[in-house]
Number of protein chains: 2
Amino acid sequence: MGTTKSNNFTSKQNRKAELFKALGHPARIAIIEFLINQKSCICGDIVEELPLSQSTISQHLKELKDVGIIKGDIEGAKTCYCVDDKVWRELEEISILLMSSYSEKNKCC
Amino acid sequence: MGTTKSNNFTSKQNRKAELFKALGHPARIAIIEFLINQKSCICGDIVEELPLSQSTISQHLKELKDVGIIKGDIEGAKTCYCVDDKVWRELEEISILLMSSYSEKNKCC
DNA sequence: TTTATTTATCGTAATATTGCGATAAATAAA
DNA sequence: TTTATTTATCGCAATATTACGATAAATAAA
């Protein structure tokens, strides 16, 4: 196998996993932090900043784009990447709900 | 390849990615939600609840345990799994910091 | 003691991910 | 037009992940 059995879970569970999975790589964390810190949103600047090849960065950008966390805006020959408000709020809400649903009272061991 | 170049990133970035990656599978989301909802913390009950084999569940539990999100307590022949307070707070803090570091003002496209 | 229950681990197969160089495709500059 | 820049995509190799059955190891029950 190697294939996740996503059919067996709720769409909410699948969505949560999908979003967290997209954050589950140091390069993608670095990309998001770079975009948030507004150093630039130009693809080429990200490539210069990170210690990975252009094609690898492009692939990570695509993964973030596929789940909706960022969006890309073609500006001439360059591409401007940006965090997507709506999906970022979705991620924020999912995280807060999940994190706050646990209370130390309901620990059993 | 297939190997993440974690040497090139900060330890904070690697830790964030590691934690989110652990949450990046629907089965592991389901396991955590099950534990938080306190239906039980017994491994066997998780196996009954989820549509995956015992060995697969055991593997997912190990992954969550390896990053520290849950801990296992052997009680006789059974094992009781539980969210780890300290790591859960770490995850909470990391998430809040990351999510709130983005503001819609600093969007550029 | 013998047998059943419970969970971890091993081995295997299939698929996914990561990373890179090469190349394509498109705009910008000369 | 020709050449340079910029980014996406293809193809490949190496490793990781997911899933399962079989088995081991340990406690519990008979």
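In what follows, every chain begins at residue 1, and chains take the letters A, B, ... in the order their sequences are listed.
- Residues A:Cys82 and A:Ile70 form no side-chain contact, since every pair of their non-hydrogen atoms from C-beta on lies 4.5 Å or further apart.
- A sub-4.0 Å separation between OP1 or OP2 of D:dC20 and a side-chain N or O of A:Lys5 is present.
- Here D:dA16 presents its P atom at 18 Å from NE2 of B:His25, a figure rounded to the nearest Å.
- Applying a 4.0 Å cut-off to non-hydrogen atoms, the residues of residues 57-71 of chain A that approach DNA chain C are A:Gln59, A:His60, A:Glu63, listed by residue number.
- In this structure, B:Glu63 does not pair ionically with B:Lys21, as no charged nitrogen and carboxylate oxygen lie closer than 4.0 Å.
- A:Lys5 places none of its side-chain heavy atoms less than 4.5 Å from the side chain of B:Pro51.
- For A:Tyr81 and D:dT6, the shortest distance from a side-chain N or O to OP1 or OP2 is not below 4.0 Å.
- B:Thr4 comes within contact range of the sugar-phosphate backbone alone, with a heavy-atom separation under 4.0 Å but no base atom that close.
- Considering only the side chain of B:Met1, D:dA14 comes nearest among D:dA14, D:dT6, C:dT15.
- Proximity of residues 42-55 of chain B to DNA chain C (heavy atom under 4.0 angstrom from any strand atom) is restricted to B:Ile42, B:Cys43, B:Gly44, B:Gln54, B:Ser55.
- At least one donor-acceptor pair under 3.5 Å links the side chain of B:Asn14 to the backbone N or O of B:Ser6.
- With both pairing distances under 3.5 Å, D:dA4 is matched to C:dT27 as a Watson-Crick or G-U wobble pair.
- B:Ile74 places its CD1 atom 10 Å from the P atom of D:dA26, with the value rounded to the nearest Å.
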